[in-house]
Amino acid sequence: MSKRIALVAGASRGAGRGIAYALGDAGTIVYVTGRSTNEQTTDNRRETIEETATGVTARGGLGIPVVCDHTNQTDIDLLIQQIQHQHG
């Protein structure tokens, strides 16, 4: 999957994190999205999108953390615009 781009929602923990890591193993550019960041976490948990993005990069991909609430259409639109701007 070299030179591929993926968007993984809810990637700060659980299945989303696992999927992001597997894509990193394949050398994929992964937009790691969620609401838990180093500055503010959800559900009082310590896992963050930045931590997952670092793990993706360590596995050979490129992890790009982006705060996105996927229940908010504006957040989704901005995310898609960012990906299109950066990768065409």
Side-chain angles (χ1 to χ4, degrees):
M1 294 187 82
S2 181
K3 305 295 181 187
R4 301 282 179 163
I5 300 165
L7 185 160
V8 179
S12 58
R13 58 182 164 263
R17 177 176 275 194
I19 292 166
Y21 283 172
L23 290 166
D25 288 336
T28 306
I29 297 168
V30 182
Y31 281 81
V32 176
T33 69
R35 296 175 293 143
S36 292
T37 68
N38 288 337
E39 288 77 39
Q40 181 176 352
T41 63
T42 60
D43 300 330
N44 224 11
R45 305 266 310 252
R46 68 177 197 270
E47 303 98 329
T48 67
I49 57 174
E50 293 92 348
E51 183 180 70
T52 302
T54 298
V56 169
T57 301
R59 288 166 170 75
L62 175 62
I64 302 171
V66 179
V67 175
C68 183
D69 179 347
H70 287 274
T71 66
N72 181 315
Q73 189 62 49
T74 301
D75 279 7
I76 297 167
D77 293 342
L78 289 171
L79 172 61
I80 298 304
Q81 288 172 14
Q82 178 181 348
I83 294 169
Q84 288 175 332
H85 176 74
Q86 292 177 336
H87 302 284

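There is no path of hydrophobic side-chain contacts, each under 4.5 Å, that joins L78 to L7.
Evaluation of the side chain to side chain contact (heavy atoms under 4.5 Å, CB included) rule for A22 yields no partner, not counting sequence neighbours. Among residues two or more places apart in sequence or in another chain, the side chain to side chain contact (heavy atoms under 4.5 Å, CB included) test is passed with E47 by R13, R17, R45, E51.
What you find for A53 and V32 is that their closest heavy atoms are CA-CG2, 4.0 Å. Minimum heavy-atom separation, T52 to A20: CG2-CB, 3.9 Å.
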Can you check side chain to side chain contact (heavy atoms under 4.5 Å, CB included) on I49 and V67, steps first, answer last? CA-CA 8 Å; I49 57 174; V67 175; 3.9 Å; yes

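Expressed to the nearest 0.5 Å, how far CD1 of I5 lies from CD1 of I29 amounts to 5.0 Å. Atoms OG and CZ, from S12 and R46 in turn, are 12.0 Å apart once rounded to the nearest 0.5 Å. Here the CG atom belonging to D77 is positioned 9.0 Å from the CG atom belonging to N72, to the nearest 0.5 angstrom.
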Indicate every side-chain donor-acceptor pair of residues 79-88 with a distance under 3.5 Å to a residue at least two apart or in another chain.
{"residue": "Q86", "atom": "OE1", "partner": "Y31", "partner atom": "OH", "Å": "2.4"}
{"residue": "H87", "atom": "NE2", "partner": "Y31", "partner atom": "OH", "Å": "2.7"}

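For residues 55-70, the pairs satisfying side chain to side chain donor-acceptor pair (under 3.5 Å) are T33-H70, D69-T71, with sequence neighbours left out.
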